[in-house]
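Report on the structure given below.
Note that the structure is predicted; figures quoted are calculated from it, not measured. Chain A is the first sequence line, chain B the second, and so forth, proteins listed ahead of strands; every chain is numbered from 1.
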Number of protein chains: 2
Amino acid sequence: MKKTDTKKRLLEATLKLISEKGYMGATTREIAQQAGVTELTLFRHFGSKEKLFKELLGSYTFLPRLKELIPELDGLSSREALELIATHFLLTLKERKAMVKIMYSEYTTYPENIREVYNKFILEMRTTMAAYFEGLQRQGMLRKNISPAMTAKMFLWVLFSYFRSEEIMQSTGMKKSIMEKQVREMIDIFMSGTVNNNT
Amino acid sequence: MKKTDTKKRLLEATLKLISEKGYMGATTREIAQQAGVTELTLFRHFGSKEKLFKELLGSYTFLPRLKELIPELDGLSSREALELIATHFLLTLKERKAMVKIMYSEYTTYPENIREVYNKFILEMRTTMAAYFEGLQRQGMLRKNISPAMTAKMFLWVLFSYFRSEEIMQSTGMKKSIMEKQVREMIDIFMSGTVNNNT
DNA sequence: TTTTCATGTAAGCAGGCACTTACATTAGCG
DNA sequence: CGCTAATGTAAGTGCCTGCTTACATGAAAA
C-alpha cells in the first residue's frame with residue numbers, strides 16, 4: 001500500500017484546483033476526484049478543507065535557489081550575472097506557477113497563513129537581492145546614491161510583473177528564446193536607465 | 001422615490017464586498033444588507049448575481065486621466081514629467097482600489113468579461129505611455145536603442161507593483177510624503193539606471 | 001382619490017456544500 | 001491463514017446559497 005502516494009496526490013490536486021478556481025471555487029468532491037480517490041479519503045487524511053489547504057501551504061517550499069546561485073556569479077560581469085539571476089528567477093516562478101497564482105489571488109481574501117508563506121518568500125527574495133546589490137555597490141559597480149533595497153525591489157517587481165503578464169494572463173506561456181531576449185532588454189534598461197547620455 | 005439611488009447603492013455594496021471577499025465569498029444577502037435594502041430588491045433590479053457583477057464591471061469607467069495630463073507636461077523636464085505622471089497614476093489606482101483588487105484577484109477565476117475591462121485598461125495605459133516615450137525618443141531625450149513599448153511596460157510595472165505592495169498588501173496605505181520620496185527614487189533609477197558611470 | 005411603482009415581509013425551494021456514519025472490500029504482513 | 005490498515009460504497013445531515021412566490025405597505029403621480 002502506498003500511503004504517501006494518496007496524500008501527495010491529494011495535495012497536488014488541491015494545488016491544481018485551487019489555483020484554477022480559487023479556494024471557495026474548488027470543492028472537496030472535485031479535488032478527491034482529481035486525485036483519483038473518494039471524498040471520504042480526503043477527509044480521513046486531512047479532516048477538513050481548511051486543514052488540507054493549510055497543509056498544502058505548509059508543505060510548500062519555495063527553495064530560493066537564488067542563494068545557491070550567488071557564488072556562481074563571481075567571474076561574470078554584473079550584466080551577465082543579473083541575466084542569469086533573472087532567468088533562474090523566472091524559471092522558478094514558472095515551475096511554481098500554480099502556487100504563485102494562489103498566493104496572488106487569495107492573498108487578500110484568505111488572510112490567515114497564506115500571507116506568512118507569501119511574505120516570507122518575498123522578504124527572502126528582497127533581502128537576498130539587496131545584499132547582492134550592496135556588494136556591487138561596495139565594488140563600485142553600482143551608483144552610490146541609490147539604495148540597494150529599492151534597487152532590489154524594482155528588479156524583482158519588473159521580473160514578477162513580466163512573469164505575470166506573460167504566464168498568468170496569457171494562456172500561451174513564455175517561449176524560451178523570446179524570454180531571453182526580453183530579459184536582456186529589461187536588464188539593459190534596468191542597468192543603463194532610459195535617459196540619453198550620448199551628448 | 002429614489003430609484004437611481006438604490007441601484008447605485010447596490011453596485012457600491014457589490015464593489016466593496018466582492019473586493020473584500022471575492023465573487024464567490026460575497027453573498028447576495030450580505031450585499032443587499034450592506035446597501036440597506038432587501039435581498040429581493042437586489043434580484044428585482046439585477047435578476048441574478050452574475051448580472052449584477054457584470055453590470056458593475058460594465059458601469060465602471062477607469063477614465064484614464066493620463067491622456068488629459070500629457071498636454072500639461074510641455075514645459076517640464078522629463079524627470080518632472082514622469083514624476084507627475086507617476087503620482088497621478090498612483091492616485092488613480094488608490095481611488096479605484098477596490099476595483100483594482102477585484103481585477104487582480106478574480107482575473108483568472110472569472111474569465112468572462114472581467115478580462116475585457118482589465119485588458120482594455122492595461123492596453124490603454126501602455127499605449128499612452130509608449131506614445132509619450134516615443135515622443136521623448138524623437139526629441140533625443142530617450143536612448144535610441146530601447147523600445148518605447150518595453151519602456152512603457154517597465155514604467156507601469158514598477159508603479160503598479162509599488163502600489164500593490166503598499167496599498168493592497170499592507171493595511172496601512174500610502175502616506176503622501178513617503179510616497180513622493182519613493183516615487184522620486186524609483187524614477188531616478190528608472191531614468192539613470194543602476195550602473196555606476198562616474199569613472 | 002385612485003393608481004402606480006418601488007420596496008418590504010415572510011416563507012420557502014432546490015441544489016450544492018463540507019462533513020459524517022456504518023459497513024464492505026482489498027491488499028500486504030506476520 | 002488471520003490480522004491490520006488504507007480505501008471504497010452508499011446514504012445522509014445540516015447548513016448556506018442563489019433565487020422565487022405571494023402578499024403588504026407607502027409615497028408620489030395621475
Looking at dG8(D), dT9(C), dC19(C), which one has an atom nearest to any side-chain atom of Lys49(A)? dC19(C)
Those residues that, when tested against Thr92(A), pass side-chain hydrogen bond (donor to acceptor under 3.5 Å, both in side chains) (two or more places apart): Arg65(A)
What is the distance, to the nearest angstrom, from the [atom1] atom on [X] to the [atom2] atom on [N]?
| X | N | atom1 | atom2 | answer |
| --- | --- | --- | --- | --- |
| Lys7(A) | dT7(D) | NZ | C1' | 15 Å |
| Asp5(A) | dT7(D) | CG | C1' | 13 Å |
| Leu52(A) | dC19(C) | CG | C1' | 13 Å |
| Lys51(A) | dC19(C) | NZ | P | 9 Å |
| Leu10(B) | dT7(C) | CG | C1' | 12 Å |
| Glu50(A) | dC17(C) | CD | P | 18 Å |

Would you check, one step at a time, whether the test salt bridge (charged side-chain N to carboxylate O under 4.0 Å, His left out) holds for Asp5(A) with Arg9(A)? CA-CA 6 Å; Asp5(A) 238 52; Arg9(A) 283 210 320 278; 3.6 Å; yes
Between the protein and nucleotides 20-24 of chain D, list the N/O to N/O atom pairs that are separated by less than 3.5 angstrom.
none

With Tyr110(A) as partner, the option from Tyr118(A), Tyr104(A), Tyr23(A) fulfilling ring-ring contact (aromatic ring centres under 6.0 Å, His included) is Tyr23(A)
Would you tell me whether [X] and [Y] have side-chain atoms, one donor and one acceptor, within less than 3.5 Å of each other?
| X | Y | value |
| --- | --- | --- |
| Ser77(B) | Glu80(B) | yes |
| Ser147(A) | Glu185(B) | yes |
| Thr194(A) | Thr151(B) | no |

May I ask you to verify if any side-chain N or O of His45(B) is less than 4.0 angstrom from the OP1 or OP2 atom of dA6(C)?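 No, no such contact exists.
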Short side-chain N/O contact from Thr6(A) to OP1 or OP2 of dT7(D), under 4.0 Å: yes
Residues in contact with DNA chain C, drawn from residues 15-34 of chain A - heavy-atom cutoff 4.0 Å: Ala26(A), Thr27(A), Thr28(A), Arg29(A)
Are Glu55(A) and Lys7(A) within salt-bridge range, i.e. N to O under 4.0 Å? yes
If I take atom CD1 from residue Ile70(B) and atom CE from residue Met129(B), how far apart are they, to the nearest 0.5 angstrom?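 Those atoms lie 7.0 Å apart.
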With salt bridge (charged side-chain N to carboxylate O under 4.0 Å, His left out) as the test, would you mind laying out the steps for Glu30(B) and Lys21(B) before giving the verdict? CA-CA 11 Å; Glu30(B) 209 177 355; Lys21(B) 312 192 166 188; 2.7 Å; yes
Hey, does Thr41(A) reach any base, or is it just sugar-phosphate, or nothing, if we go heavy atoms under 4.0 Å? sugar-phosphate
